[in-house]
*Asks:* 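Mind looking over this structure? Questions follow.
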Amino acid sequence: MSQVRVRIAPSPTGEPHVGTAYIALFNYAFAHREGGKFIFRSEDTDRERSTTANEDAILRSLKWLGLQWDEGPDVGGPHAPYRQSERAAIYKTHADALIESGKAYYCFCSAERLAQIRDEQAKNKQAIMYDGFCRGIDPAEARRRVQAGEPRVIRLAVDRSGETCFEDKLRGRIAIRNEGVDDQVLLKSDGFPTYHLASVVDDRLMGVTHVIRAEEWISSTPKHVLLYNAFGWTPPMFVHMPLLRNQDKSKISKRRNPTSLDFYRNEGYLPEAMLNFLALMGYSMPDGREVFPLSEFIAGFSLDRVSTSGPVFDLQKLEWINGEYIRRLDTDELATRICNGFTKRIGVPDEAFKKAVALIRERIRKLSEFDDMTAFMFGGVEDYDPALLIQKKTTKDDTIAMLKDSAELIAGAADFTPAATEAAFRGMAERAGAKPGNLFMVLRIAVTGRKVSTPLFETMELIGQEECGRRISVALGKLAGA
Ligand code: GLU
């Protein structure tokens, strides 16, 4: 068999979408597993909605994920250009060839006429499709009108008898009756190709062997097969991946789930966690593992393991996987990643920063949580309600006494390491006949301003003996004024 060649072919008409990353991942894995090539093609033929900024964002996002292509607009390749807007002449030549062979025809119908047909068909509850009005125009006459500069499109002349079928690798044989297939436009009046023509011509010229794309394109595939037939070409293998879905099983949408890859990047999802999560969409590892590196996904990759039942894009699961990946990083690496865009705390001494990272690594699920979780370590304690200091079955006076003893203990401590401090405070609680848990909660609130924080004694060490003492005085002041 010839070398496997696959492609991701996004239209740069919006933000970089998680669905694009998902399809890119499966193409990438297949190409790598089979020793093939992975192509990036920009399908920017919608001239109003395509922008280079969107294209850049998609390229950047896929690179962030590490899904590097072998051929593409930025790296070139044997079939350049890889941007459809730069291939207009190629599509025209191919559309012209179909006119020559009688497989396609010029259509001069005005927008008004087409609207009229549509309205009529809608009124009669008929399928909306072109009525074939220009199909009967004599080719010589059509050429004359073209030469005279009359506005026109080129349409495929679809044979309405029989059916068109193709083999989907995941779904088996799919067939549709030709009587319902429209004489699709191939070349628009602005000379730009439609998606169908450009996609088929490019897949052919770029030697694409497997078209792995989302399920939503299944209805376009018969049109593509008709085009392959019209050109006399053998179609590639089609693989329609299941659509990503919201929890309620509807197609993934911005209203229910963030869909922009930028969102995930900015929130502090790790690219490797994101890939792992996407790899689980419609796919399972033979041993059922849910956390695995890309290399292992590729090593055992098989399209046979793709299931077509709609995978649910579950943010909580993604957060869980992300947390798993965060905990697999060593502290230095995690600190470096957090420093790269996930903290405002520049100028924090390196060692203290790393200690803070070590304290949150077990609790964090996204890098963006770092600043909030560690705010009290570097920035001081946020204002809190002094009532929080008074524990159940404890009076204000007891609490004041506890805090005074604590201040004394801290001021006099010769060893402020976590183990020593904890032992000292446990001793203090015992002598006072108090529950250590209560004392620790009072300390935690005084030192961090929060009921939930990083481990208390490690945090106190990081904050420092003197600063802890100062915070206890502040707590005493608050209680006195309460
Ligand atoms: N340009 C289409 C898209 O935006 C490509 C579909 C295909 O892969 O053929 O997804």
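Counting starts at 1 for both ligands and their atoms, following the listed order. Nothing fancy with the numbering, it's 1 onward along the sequence. All heavy atoms count here, side chains included; hydrogens, waters and symmetry mates do not.
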*Asks:* Can you tell me which residue and heavy atom of the protein come closest to atom 10 (O) of ligand 1, and the distance to 0.1 Å?
*Replies:* Trp217 CZ2, 3.5 Å

*Asks:* Atom 5 (C) of ligand 1: which protein heavy atom is closest, and how many Å away?
*Replies:* Ala9 O, 3.2 Å

*Asks:* With a 6.0 Å cut-off on ring centres, are Phe26 and Phe297 close enough?
*Replies:* yes

*Asks:* Quick one: look up the protein heavy atom nearest atom 4 (O) of ligand 1 and list residue, atom name and how far away it is.
*Replies:* Ser11 OG, 3.2 Å

*Asks:* Give a yes or no on whether the ring-centroid distance for Phe277 and Tyr269 is below 6.0 angstrom.
*Replies:* no

*Asks:* Just checking Glu141: does its CD atom have more than 12 heavy atoms from other residues, nucleotides or ligands closer to it than 6.0 angstrom?
*Replies:* yes

*Asks:* A quick test of your reading: do over 12 heavy atoms of other residues, nucleotides or ligands sit less than 6.0 Å from NZ of Lys92?
*Replies:* no

*Asks:* State the atoms of ligand 1, each with its element, that fall below the 4.0 Å cut-off from a heavy-atom position in Arg213.
*Replies:* 7 (C), 8 (O), 9 (O)

*Asks:* Where is the nearest protein heavy atom to atom 8 (O) of ligand 1: which residue, which atom, and how far?
*Replies:* Arg7 NH1, 2.7 Å

*Asks:* Give the atoms of ligand 1, by number and element, whose distance to some non-hydrogen atom of Glu43 is under 4.0 Å.
*Replies:* 1 (N), 2 (C), 5 (C)

*Asks:* My understanding is that only one of Asp44, Thr45, Thr52 makes a side chain to side chain donor-acceptor pair (under 3.5 Å) with Ser85; could you say which?
*Replies:* Asp44

*Asks:* Taking atom types as modelled and ignoring hydrogens, do the side chains of Tyr82 and Glu71 form a donor-acceptor contact shorter than 3.5 angstrom?
*Replies:* yes

*Asks:* Find all atoms of ligand 1 within a distance of less than 4.0 Å from any non-hydrogen atom belonging to Tyr195, and give their numbers and elements.
*Replies:* 5 (C), 6 (C), 7 (C), 9 (O)

